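These notes are about the structure you will find just below.
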Amino acid sequence: MPPERRRRVRPDRKTQVRPDRRAGARWGGPPRKAAPSCQRKSLAWPRAAAAAVSVAAAEEERLRLRNRLTLEADKPAVERRLEELVFGDLEDDEDALLRRLRVPRVQVQEDSDDSEVEKEAKDNFLPQKKPVWLDEEDEDEEMVDMMNNRFRKDMMKNASENQLSKDELQKRLKEEFQHAMGGVPAWAEANKWKTPSDDESEEDEDDLLQRTGNFISTSTSLPKGILKMKNCQHANAERPTTARISSVQFHPGAQVVMVAGLDNAVSLFQVDGKTNPKIQSIYLEKFPIFKACFSANGEEVLATSTHSKILYVYDMLAGKLIPVHQVRGLKEKIVRSFEVAPDGSFLLINGVAGYLHLLSMKTKELIGSMKINGRIAASTFSSDSKKVYASSGDGDVYVWDVNSRKCLNRFVDEGSLYGLSIATSRNGQYVACGSNCGVVNIYNQDSCLQETNPKPIKAVMNLVTGVTSLTFNPTTEILAIASANMKEAVRLVHLPSFTVFSNFPVVKKKNISLIHTMDFSPRSGYFALGNEKGKALMYRLHHYPDF
C-alpha cells in the first residue's frame, strides 16, 4: 500500500503507545520478541550521548568555577572580606550558601552580633575620609566688626570692643541669651539629659500606655514673633459715644468690662466677644471722668473727675452711689490720679507738690502721706502691696515702704528726663518706666530695691513720643506700651525675650488712633484699648483659653 494511502490509527484511550514506536510494544500488553542485533546497536547511541553530555557539563562547571575564582581574585580585599562576613566562606559550594540563606531570620539575629560586625567593618575595612583640600585662612582668627552693626553694638561693654573674635562674639551672645532668660534654661543644661535605664523606660512606657489624652498640644509658654489674636466687637458697641475713653478695665471676678469717659458715664458690659451686651450705666452729672477703677474684690467702682475733689464710690451689690466730698486731713483741691492696692487694703492718691496720700480702702480715711522732690508723674503698688513706686517729673524713681512710709531707695531712670508712667508685673519680677522720649526701661525689681544706679534689663525704643500707658498682663508674658500723643502708637512686648510682636497693630487699617487707657482680662484672654474717639477696642488672644 502506498504511503499516501496509509490510514493513521489513533491509539485507544485505554491503551497508550510507547514513545519508541519501533519497539511496537504497548503498556500493559504481552511481551514482544527481542529486536534483532542491528536494532540493538541502534538503541545504544542514547547512552553514549548521555555520557558525552555529562562530560560536557562537568567541563562547563570546571570552566565556570575557574572564572569565578578569577573574578574573586580580582575583587578588592575589602569587598571579599565583607562578603565573607555576610555570606561565609565563598569557597563552599552553592548549595551550602543557599542553605545558609534559607535559615530563619530570627535564628540569624540570635546567633550573630551586629555591633561586632559593624565595628570590625568600620575599624578595619572602611576607608577613612579626609578633607580634599585645606584652607589656611580658615585657621586664622577672623575679627567681627561691632560698631557698624546696630544689633552687635548693643552688646559692647566698652568703647574698646569695636572688634571681637568669632569665639568671643559667640560667648557674648550666650551671655545675652542667659541674661534675657534669667539663667540657663532647663533644655540647655547638659546634666538634664540623662539616659534612662531599662527599668525606667519600661515604667514610662507602661504609664504612657495607661493614659489617654491629647498628647499633641501647644506649648504653655507664649511664643514670640506673632501673637495670635482676633479683633472683636467694641466693648461699648451697645452704648456708642464720641467722647474720649479715659478708663477701660476688666472685672477681677466676673466676665465684665467697665468703660468710662469724658461723657460723665460709667458703663458695664458683659464680655462675649460678639455683641457685648450692656449691663448698666451710671451717669454722674457734670463729672467728666478722669479715671475709674474696680476695687480689688470687684464690689465697688471708684471714679474721679478732671476738675473736682469729690471721689465717687459706687457700691455694686447695693446699687448705691456714695460721694466722698472731703477726706479729713487731705488738703487737695483736685483729686485725679489714684491707685488701688492689689490686696484691697489701701488707696493711693497722687497729690500736688510731690505728695502721695495713703488712704484706707475700707473707711476712705487718711493714713499718712509721703513726699518726693518735684512733681509726681505716676505711681503704682508692688504685687504684694507692701511697696509703692513713684516716678517724678525729674526722671527719678522713688521706692516707699507702705507700713512705715519710709523711702527705701531712690534711683535715676536711665536716659529719662521726664517720667510719665510706671508699672510693676504681677509676679514681682519687673518694673517698667516710661519717659517723655518714648523709651521704656524694664528693670529687675530686686535691683530697684538694692542698687542706687540699677541698669535696665532692656530699653524698648519702639515708640517715638511720650509713653503715657504701661500695663503688664497677669501672666507677665506681655507688656503693653502706648502713647496718647501719636496715632497707632501702641506695642505689645513679649517677655522674657523683650521683642515686640510684629503683627500688632495693623498699621494699614488705622483703627486704633490715640490710646489713653488699656487693660488685660484676669486670665489674659482679652485685651482692651480706649481711644479718643469714644471706642473701647477689644481683642481676643487665642493663646489663653480662659477669660
Side-chain angles (χ1 to χ4, degrees), residues 150-151 153-154 180 222 224-227 229 231 244-248 291 337 376-380 389 391-397 412-425 430-444 448 454-473 476-520 527-533 535-539 541:
R150 65 188 184 94
F151 299 105
K153 189 176 181 180
D154 296 337
L222 178 67
K224 65 178 182 178
I226 302 293
L227 181 62
M229 58 194 310
N231 192 357
R244 187 182 75 188
I245 302 298
S246 57
S247 295
V248 58
K291 183 174 182 179
S337 180
I376 296 177
S379 63
T380 185
Y389 291 83
S391 177
S392 71
D394 299 331
D396 295 338
V397 178
V412 178
D413 184 19
E414 188 176 84
S416 175
L417 300 177
Y418 194 98
L420 291 179
S421 56
I422 190 169
T424 57
S425 62
Y430 301 116
V431 176
C433 301
S435 63
N436 63 330
C437 59
V439 178
V440 178
N441 288 327
I442 303 176
Y443 297 90
N444 191 309
C448 295
K455 297 295 182 182
I457 302 175
K458 178 66 176 180
V460 183
M461 302 182 182
N462 293 83
L463 301 181
V464 295
T465 55
V467 182
T468 55
S469 300
L470 291 173
T471 304
F472 285 94
N473 81 316
T476 317
E477 293 177 309
I478 303 175
L479 171 62
I481 62 176
S483 174
N485 303 322
M486 186 176 180
K487 292 184 178 182
E488 315 299 317
V490 57
R491 300 291 185 273
L492 297 179
V493 182
H494 175 264
L495 303 174
S497 67
F498 304 105
T499 57
V500 175
F501 290 102
S502 60
N503 62 321
F504 185 83
V506 181
V507 183
K508 294 182 179 180
K509 293 186 178 181
K510 300 287 184 181
N511 60 348
I512 292 182
S513 194
L514 300 178
I515 298 301
H516 292 268
T517 178
M518 51 190 179
D519 189 35
F520 289 92
F527 176 57
L529 301 168
N531 61 18
E532 91 287 358
K533 294 183 178 180
K535 294 181 179 180
L537 310 175
M538 194 162 61
Y539 301 88
L541 306 184

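Every heavy atom of this structure was used, including side-chain atoms; hydrogens, water molecules and symmetry mates were not. The shown structure was predicted, so the numbers you read here are calculated from the model rather than taken from an experiment.
- To the nearest 0.5 angstrom, N473 atom CG is 7.5 Å from L495 atom CG.
- At most 12 non-hydrogen atoms from other residues, nucleotides or ligands lie less than 6.0 angstrom from CE of M486.
- Side-chain atoms of N436 do not come within 3.5 Å of backbone N or O of L420 as any donor-acceptor pair.
- V493 is not listed as a side-chain neighbour of F501, based on a closest heavy-atom distance of 4.5 Å or more.
- Taking the six-membered ring where the residue is Trp, F504 and Y539 present perpendicular rings, their angle passing 60° and hence far from 30°.
- When atom types are taken as modelled, the side chain of E488 and the backbone of S513 share a donor-acceptor pair closer than 3.5 angstrom.
- Using a 4.5 Å cut-off on side-chain heavy atoms (C-beta onward), N531 and I512 make no contact.
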- Are Y443 and D413 close enough, and set up right, to give a side-chain hydrogen bond (donor to acceptor under 3.5 Å, both in side chains), and what steps lead you there? CA-CA 10 Å; Y443 297 90; D413 184 19; 2.6 Å; yes
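- In this structure, CG in L492 is found 11.0 Å from OG1 in T499, a value given to the nearest 0.5 Å.
- H494 places no side-chain N or O within donor-acceptor distance of the main-chain N or O of E477, the cut-off being under 3.5 Å.
- A donor-acceptor pair under 3.5 Å is absent between the side-chain atoms of S483 and the main chain of A489, judged by distance alone.
- Counting only heavy atoms from C-beta outward, the side chains of P496 and Y430 approach each other to under 4.5 Å.
- The 12-atom threshold is exceeded at NZ of K291, counting heavy atoms of other residues, nucleotides or ligands nearer than 6.0 Å.
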- Query: Taking it one step at a time, do N231 and N511 satisfy side-chain contact (heavy atoms from CB on, under 4.5 Å)?
  - Reply: CA-CA 11 Å; N231 192 357; N511 60 348; 3.8 Å; yes
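- For the atom pair OG (S416) and CG (N441), the distance works out to 7.5 Å, reported to the nearest 0.5 Å.
- Proximity of L479 to I442: side-chain heavy atoms (C-beta onward) are separated by under 4.5 Å at one or more points.
- Looking only at distances, a side-chain donor or acceptor of E532 sits under 3.5 Å from a matching main-chain atom of L514.
- Shown here for A432 and L470, the closest heavy-atom pair between the two residues is O-CD1, 3.6 Å.
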- Message: Walk me through whether E414 and V412 qualify under side-chain contact (heavy atoms from CB on, under 4.5 Å).
- Response: CA-CA 6 Å; E414 188 176 84; V412 178; over 6 Å; no
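- Checking side-chain atoms of T517 against main-chain N and O of G530 turns up no donor-acceptor pair under 3.5 Å.
- How far CE of M518 is from CD1 of I245: 15.5 Å, rounded to the nearest 0.5 Å.
- Contact record, F472 with A423: CE1-O, 3.7 Å, taken as the closest heavy-atom pair.
- Between the side chain of S425 and the backbone N or O of T476 there is no donor-acceptor pair closer than 3.5 Å.
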- List the steps, then state whether side-chain contact (heavy atoms from CB on, under 4.5 Å) holds for Y389 with V431. CA-CA 9 Å; Y389 291 83; V431 176; 4.1 Å; yes
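- Between L227 and L541, the shortest heavy-atom contact is CD2-CD2, 4.0 Å.
- Going from atom NZ of K533 over to atom NZ of K487 covers 5.0 Å, rounded to the nearest 0.5 Å.
- Considering only heavy atoms from C-beta on, V440 stays 4.5 Å or farther from C433 through its side chain.
- Expressed to the nearest 0.5 Å, how far OG of S502 lies from NZ of K224 amounts to 11.5 Å.
- Using a 4.5 Å heavy-atom cutoff, the side chains of V467 and S421 are in contact.
- Between V439 and L463 the shortest side-chain heavy-atom distance does not fall below 4.5 Å.
- V397 places a side-chain heavy atom less than 4.5 Å from the side chain of I422.
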- Message: One pair to check against side-chain contact (heavy atoms from CB on, under 4.5 Å): F520 and T471. What are the steps and the verdict?
- Response: CA-CA 8 Å; F520 289 92; T471 304; 3.9 Å; yes
